[in-house]
Chemist: 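Take this structure first; my questions come after.
Everything numeric here is computed off the predicted structure, so don't read it as measured data.
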Amino acid sequence: MPELPEVETIKRTLSPRLVGRTIEKMEVRTPKFLVGAGPDEFRRRVEGGRVLDLERRGKFLILRLEDGDLAVHLKMAGQLVWCRPGDDLGPTREKHTHVVFHLDDGHELRYVDTRHFGRVYLLDGDPDDPLLRRALRTLDELGPEPREGGLEWEGFRARLAARAARLKSLLLDQAFVAGLGNIYADECLFRAGIHPLRLASSLSEEEARRLFAGMREVIAEAIEFRGTSVRDYVDGEGREGSFSERLNVYGRTGEACPRCGAAIERMVIGGRSSHFCPRCQPPPEPSPRTNV
DNA sequence: AAGGGCCCCTGAAAGC
DNA sequence: TGCTTTCAGGGGCCCT
């Protein structure tokens, strides 16, 4: 599941290989992954253009091309792999290679997606395309990045106080903070020692500070370790990330909490599995209506 | 504003 | 062993 640290790692591994290159040919194997233009128009806009720059915003990777910008959202299982034309990525990934960008240096960039949730957007494509409009709006409404230079304390504190939502759901809301997914939301809350069911507005000043710092630390560390590979994630060179070994709670139901030894618990919140330590992350006070 | 439910999609894992 | 069912998950969308 590529979240901020994974997409950032992909950006960093792809940048030196793509920037300055010209896309000679765009091979569309599965048209449904393209949004903003039909395959022919999409190709026409992309082919022959140089890659000017790569950027990341939340979980979106943006490719700035000479004749228009592309945005890629990998959703659950998307991969962008830079390789040689003959390279064999194995039967599963071969079967799910949907778009191939052929570069002028003989390499290619393959868009692979086994779950078929991801999309490639032509950002200045057909303005009447509802899927494109939706993506542009999402991009426009993305919240601050949970890193230095993005999220700042005063604003974070104020926006937390204004929300009644459970923290787990709020951290997953891309308009609140951009780039966190299920893995890092759980890890951030563990780092901060805050239960995922706590309401945002109920946090003390001290807890809000721990969450603020915890998010930055977890994200910075995850980038440093090149992301987390629990399922399909690999970076632009096909390498897995090593933050997986440093996960404290995600996917560790029943295991001992690395801080206190209590058994990690799992519960479903907002339809997402949530992992936490019942001792380090004390549950919220029961609601007044709950009684005996 | 918040939350539940459904959908997209398919490989992996669990169940029988 | 092998077939069938369930699950996971980012995010949009609809409904209450």
Chemist: For nucleotides 10-16 of chain C, give me one character per nucleotide, 5' to 3': B if any protein heavy atom sits under 4.0 Å from the base, S if the only such contacts are to the sugar-phosphate, - if neither.
Modeler: BBSS---
Chemist: Report the residues that fulfil side-chain contact (heavy atoms from CB on, under 4.5 Å) with A:Asn248, sequence neighbours left out, ordered by chain and then residue number.
Modeler: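 A:Asn248 satisfies side-chain contact (heavy atoms from CB on, under 4.5 Å) with A:Glu187, A:Phe190, A:Pro258 only.
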Chemist: Ring centroids only, cut at 6.0 angstrom: are A:Tyr121 and A:His73 within range, meaning strictly under it?
Modeler: no
Chemist: Does a nitrogen or oxygen in the side chain of A:His116 sit under 4.0 Å from OP1 or OP2 of B:dC8?
Modeler: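 For B:dC8, neither OP1 nor OP2 has a side-chain N or O of A:His116 closer than 4.0 Å.
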Chemist: What orientation do A:Phe156 and A:Phe212 show, parallel under 30°, tilted 30 to 60°, or perpendicular over 60°?
Modeler: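 If you compare the ring of A:Phe156 with that of A:Phe212, the planes turn out tilted.
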Chemist: Quick one: A:Leu199 CG to B:dA1 P, roughly how many Å, whole number?
Modeler: 16 Å
Chemist: Examine B:dA2: is either OP1 or OP2 under 4.0 Å from a nitrogen or oxygen in the side chain of A:Arg163? Give yes or no.
Modeler: yes
Chemist: Roughly, in whole Å, what's the span from CG in A:Asp173 to C1' in B:dG4?
Modeler: 16 Å
Chemist: Base, sugar-phosphate, or nothing: which does A:Arg159 touch, judged by heavy atoms less than 4.0 Å apart?
Modeler: nothing
Chemist: Rounded to whole Å, please give me the gap between CG in A:Leu197 and P in B:dG3.
Modeler: 10 Å
Chemist: Relative to the ring of A:Phe243, is the ring of A:Tyr184 parallel (under 30°), tilted (30 to 60°) or perpendicular (over 60°)?
Modeler: tilted
Chemist: Which residue pairs satisfy the salt bridge (charged side-chain N to carboxylate O under 4.0 Å, His left out) criterion with at least one member in residues 76-97 of chain A, sequence neighbours excluded?
Modeler: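 Sorted result for residues 76-97 of chain A: A:Glu94-A:Arg110.
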Chemist: Test of understanding: clusters of I, L, V, M, F, W, Y form through side-chain heavy atoms closer than 4.5 Å, transitively. Do A:Val177 and A:Leu172 belong to the same one?
Modeler: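 A:Val177 and A:Leu172: separate clusters.
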Chemist: Under 4.0 Å between a side-chain N/O of A:Lys95 and OP1 or OP2 of B:dG11, yes or no?
Modeler: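 So the side chain of A:Lys95 is within the cut-off, an N or O lying under 4.0 Å from OP1 or OP2 of B:dG11.
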Chemist: Can you name the nearest heavy-atom pair linking A:Gly193 to A:Pro282, along with the distance?
Modeler: O-CD, 4.0 Å
Chemist: Phosphate oxygens OP1/OP2 of C:dG9: is one of them under 4.0 Å from a side-chain N or O of A:Ser273?
Modeler: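 For C:dG9, OP1/OP2 do have a side-chain N/O of A:Ser273 under 4.0 Å.
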Chemist: Taking CZ from A:Arg166 and P from B:dA1, how many angstroms apart are they, rounded to a whole number?
Modeler: 17 Å
Chemist: Any side-chain N or O of A:His96 less than 4.0 Å from the OP1 or OP2 oxygen of B:dC9?
Modeler: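 No, A:His96 has no side-chain N/O under 4.0 Å of OP1/OP2 on B:dC9.
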Chemist: When the distance from NZ of A:Lys168 to P of B:dG3 is rounded to whole Å, what number comes out?
Modeler: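 Whole-Å distance recorded here is 13 Å.
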Chemist: B:dA1 P sits how many Å from A:Leu170 CG, rounded?
Modeler: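 Distance, rounded to whole Å: 13 Å.
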Chemist: For B:dC8 and A:Arg115 - does any side-chain N or O of the residue sit under 4.0 Å from the phosphate oxygens OP1/OP2?
Modeler: no
